[in-house]
Peer 1: 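For reference, the structure I am asking about is given below.
Throughout, residue positions are numbered sequentially from 1 according to the sequence presented.
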Amino acid sequence: MLKKLHVYLIKPTQYDDDGYVVRHWRGVLPSNTLACLAGLTEDVVAQKRLGESLQVEIHVLDETVDRIPVKRICRSQRGGHTKTIVCLVGVQTNQFPRAADLARVFRRAALTVMIGGFHVSGYLALLSEIPPDIQELMDEGVTIVKGEVEETWGDLLCDAVEGRLKPLYDFINNKPDLYEKPIPVIRKEYLRKFVAPNFGTLDCGRGCPFECSFCTIINVQGRKMRFRSADHIAKAIRQNYQDHDITFYFFTDDNFARNKNWEAIFDALIRLREEEHIPVQFMMQVDVLSWKIKNFVSKARCAGCNTVFIGMESVDPGNLAAAGKKQNHVPEYSQLINAYRSSEISTHVGYIIGFPHDSVDSVRRDVAYLTQDVRPDHASFFMLTPLPGSMDHLMMVRRGEWMHPDFNRYDSHHVVTVHPHLKDGAWGDSYFEAWRTFYSFDNMKAILRRTPRRIYWNNFMRFIWYKNSILSEGRHPMMCGFFRLKGRKNRRPGYPILSRWEYYTGRAKEIRAHLAGMARILLEMEELWLQTRHPSEAEQRVVEELAKISAACGRLKVADLQLAYMRAKTQFPALHVPSKLHLLWAKWIPLLAPSKVYTRADLHWFWHAARQRWVERRWFRIPPHRVAFNLFRDAQLSLMFFLHLGRAR
């Protein structure tokens with residue numbers, strides 16, 4: 001008799017270009033699919049649908065931040081009274097090869113295995129025949145789940161427990177009503193593996209009414225909008241705040257602006273903020289017409305929105321027409337960005353490179369227009385990728401066009417098709433040039449100088465994330481975390497397992513290069529902060545007093561600086577005023593003087609000159625007292641920077 005059931009909900013990752021499993025010490029974006037399935041599974045268990053006395057353990061694993069204990073899972077079913085069900089959930093196309101490899105390992109251990117997600121659902125939604133790779137998994141005993149499972153998850157688990165799972169379940173045409181379905185569950189131990197442990201995810205609705213040819217959403221979740229109850233959402237946010245101190249959410253709806261319940265949801269969030277003093281904030285995805293919806297932007301601001309992700313895709317009208325983006329009007333892009341910025345909401349646009357009209361020169365010109373005229377706060381660049389489940393993929397299959405056979409590369413970060421104008425590496429070169437152009441020091445500085453104080457650190461922290469992902473990790477930010485972890489034997493089948501000496505010496509070089517890259521990024525970001533930071537209220541008051549004294553007396557002395565601080569303290573008693581010792585330091589350490597624009601330029605020049613003299617063996621030209629003094633200044637400045645970063649986090 002069955003006494004215990006293990007349900008493993010596993011979100012697989014992908015392999016890197018060398019065949020190693022991609023995993024990070026800390027992630028950035030938690031998986032909403034895991035949260036959804038965890039909530040649904042807990043609801044099934046609570047209803048006793050799997051049996052009155054059956055002990056059920058739910059294990060939630062995200063391979064982007066978790067090491068999957070494959071051997072332990074394979075051993076978990078030993079004994080006649082325990083059963084293990086492995087659910088590989090939310091599998092994207094680039095994760096399918098890894099999911100398939102895991103599924104085969106678990107099937108060899110005689111475990112029950114199911115695979116669902118956008119890849120299998122989208123692939124099977126548009127093709128009349130089952131593709132060979134999916135059929136092969138089904139022949140090995142893996143169950144494929146096509147579509148959403150909010151109304152059928154209990155039936156699937158019951159079939160799994162009873163040993164009567166079918167090879168394929170097709171729910172693609174049975175879109176569930178989400179209104180009162182279980183809300184995605186927050187697990188604090190899971191969120192601790194991410195940079196922001198107060199960060200949760202929630203899908204308030206699903207579907208999108210538009211017809212973009214590259215999109216898989218409309219062919220999996222449909223074009224008819226469905227949404228959750230505003231009261232249920234508010235209840236979940238309240239509970240998550242009380243139990244786990246979750247204050248920030250990513251609303252994963254593909255297009256929140258077309259959620260017919262948006263106003264009720266915003267009103268519920270406003271009540272939580274104003275009446276219950278729950279400091280909830282969120283980011284959401286919207287279309288380019290959202291700013292025209294009456295009260296949408298203003299209510300989003302009041303409800304706690306600090307970032308919108310906008311599907312802008314291109315600034316070339318021909319490319320937009322080719323992609324079916326009829327709703328996008330390039331002349332209105334600046335108005336769109338200004339509408340959100342005026343409400344102190346950060347704008348983050350998605351931009352695709354590889355449309356039919358793109359060329360090296362046009363991409364360079366269009367990115368310049370994006371940065372200089374449209375001026376969003378952030379941009380995520382993607383290579384046009386024919387994902388299974390999109391009309392682009394279907395049309396290419398019908399035309400017999402070449403597509404790369406390895407789905408592991410379908411992450412919008414690799415070239416997988418042939419482009420008529422971007423050949424011989426030009427596509428990849430243009431793609432990475434776009435990242436470097438947008439996230440250049442000058443453009444980041446321009447963005448932060450026009451950024452309202454409320455969202456300054458929101459924008460700044462995302463710059464660190466993106467610079468680290470592209471420059472240090474070499475991965476797309478949406479699929480990247482902080483500090484890559486590797487396992488010597490955790491490699492894709494077919495790739496050799498290196499000897500310990502080969503692996504660890506190579507890994508040491510990688511870590512050294514990564515840490516050096518991170519150090520360069522942090523120094524750049526420190527300089528960016530110095531040149532763009534908003535002065536505190538105390539600094540502003542002191543500057544005003546110094547301006548008055550300077551106008552009356554001319555050149556300032558230390559006594560004048562002390563006088564300015566004392567006047568500011570007299571007028572604003574709540575302001576913190578440094579001690580006399582700090583004021584004396586200010587005479588010798590210009591970086592502490594609040595009355596000027598801070599920069600690392602003099603420090604950079606000194607260390608560059610010292611390094612050059614060291615290389616030339618002119619050691620006597622390196623003054624020891626200046627080395628000590630500048631080391632102190634550097635440490636002090638870095639401490640200030642990291643303290644601000646810590647508070648912002």
Peer 1: Between Y431 and H413, does a ring-ring contact (aromatic ring centres under 6.0 Å, His included) hold up when you go through it step by step?
Peer 2: CA-CA 9 Å; Y431 170 76; H413 199 64; 5.4 Å; yes
Peer 1: Any idea how Y439 and Y466 line up, ring-wise: parallel (<30°), tilted (30 to 60°), or perpendicular (>60°)?
Peer 2: tilted
Peer 1: Got a salt bridge between E189 and R192, using NZ or NE/NH1/NH2 to carboxylate O under 4.0 Å?
Peer 2: no
Peer 1: Going by the salt bridge (Lys or Arg N to Asp or Glu O under 4.0 Å) test, name the single residue among R475, R492, R98, R484 that passes it with D16.
Peer 2: R484
Peer 1: Would you say that more than 12 heavy atoms from the other residues, nucleotides or ligands in this model lie under 6.0 Å from the CZ of R164, or not?
Peer 2: yes
Peer 1: Got a sec, which pairs hit ring pair (Phe, Tyr, Trp, His ring centres under 6.0 Å) with one end in residues 38-92, sequence neighbours left out?
Peer 2: H6-H59, Y8-H59
Peer 1: Which heavy-atom pair separates M478 from S380 by the least distance, and what is that distance?
Peer 2: CE-OG, 3.4 Å
Peer 1: Please round to the nearest 0.5 Å and tell me the distance separating atom CG of L29 and atom CH2 of W465.
Peer 2: 4.0 Å
Peer 1: Work out which heavy atom in I172 is nearest to a heavy atom in G147; give both atom names and the distance.
Peer 2: CD1-CA, 4.1 Å
Peer 1: Taking all atoms of both residues into account, what is the closest heavy-atom pair of V56 and V45, and its distance?
Peer 2: CG1-CG2, 3.8 Å
Peer 1: Sequence neighbours left out, what passes side chain to side chain contact (heavy atoms under 4.5 Å, CB included) with L485? Give chain and number order.
Peer 2: R23, W25, F483
Peer 1: Strictly by modelled atom types, are S213 and D392 linked by a side-chain donor-acceptor pair under 3.5 Å?
Peer 2: yes
Peer 1: Can you measure from CE (M114) to CG (L157) and round to the nearest 0.5 angstrom?
Peer 2: 5.5 Å
Peer 1: Please walk me through it: do E129 and Q135 pass side-chain contact (heavy atoms from CB on, under 4.5 Å)?
Peer 2: CA-CA 10 Å; E129 297 181 357; Q135 184 62 58; over 6 Å; no
Peer 1: Which of these passes salt bridge (Lys or Arg N to Asp or Glu O under 4.0 Å) with D66: R187, R26, K193?
Peer 2: K193
Peer 1: Between S472 and S469 (side chain of the first, backbone of the second, donor and acceptor by atom type, cut-off under 3.5 Å), is there such a pair?
Peer 2: no
Peer 1: Side chains of T64 and D62: do they bring a donor and an acceptor to under 3.5 Å?
Peer 2: yes
Peer 1: So which atom in D177 and which in E151 form the shortest heavy-atom distance, rounded to 0.1 Å?
Peer 2: N-OE2, 3.1 Å
Peer 1: Exactly one of F381, Y351, F463 should register a ring pair (Phe, Tyr, Trp, His ring centres under 6.0 Å) with W435. Which one does?
Peer 2: F381
Peer 1: Got a second to check how far Q285's CD is from D254's CG, nearest 0.5 Å?
Peer 2: 6.0 Å
Peer 1: Counting distance only, does the side-chain N/O of D203 pair as donor-acceptor with the main-chain N or O of T252 below 3.5 Å?
Peer 2: no
Peer 1: Should we count CH2 of W501 as having more than 12 external heavy atoms under 6.0 Å?
Peer 2: no
Peer 1: Specify the closest pair of heavy atoms between N408 and N94, including all atoms of both residues, with the distance to one decimal.
Peer 2: OD1-O, 3.4 Å
Peer 1: Which atoms form the tightest heavy-atom contact between T417 and M403, and what is the distance?
Peer 2: CG2-CG, 4.0 Å
Peer 1: Using distance alone, with no hydrogens and no angle criterion, decide if Y169 and D155 have a side-chain donor and acceptor under 3.5 Å apart.
Peer 2: no
Peer 1: Salt bridge check: are R226 and E150 linked by an N-O gap of less than 4.0 Å?
Peer 2: no
Peer 1: Taking the side chain as every heavy atom from C-beta outward, state whether L124 and L168 have any pair of such atoms under 4.5 Å apart.
Peer 2: yes
Peer 1: Check whether any side-chain heavy atom of K175 sits under 4.5 Å from a side-chain heavy atom of K224, and report yes or no.
Peer 2: no
Peer 1: Going by the ring pair (Phe, Tyr, Trp, His ring centres under 6.0 Å) test, name the single residue among F250, F251, F199 that passes it with F282.
Peer 2: F251
Peer 1: Tell me, yes or no, whether the heavy-atom count around R67 atom CZ, taken from other residues, nucleotides or ligands under 6.0 Å, exceeds 12.
Peer 2: no
Peer 1: NZ of K3: more than 12 outside heavy atoms within 6.0 angstrom?
Peer 2: no
Peer 1: How about Y410 and H404: does a side-chain donor come under 3.5 Å of a side-chain acceptor?
Peer 2: no
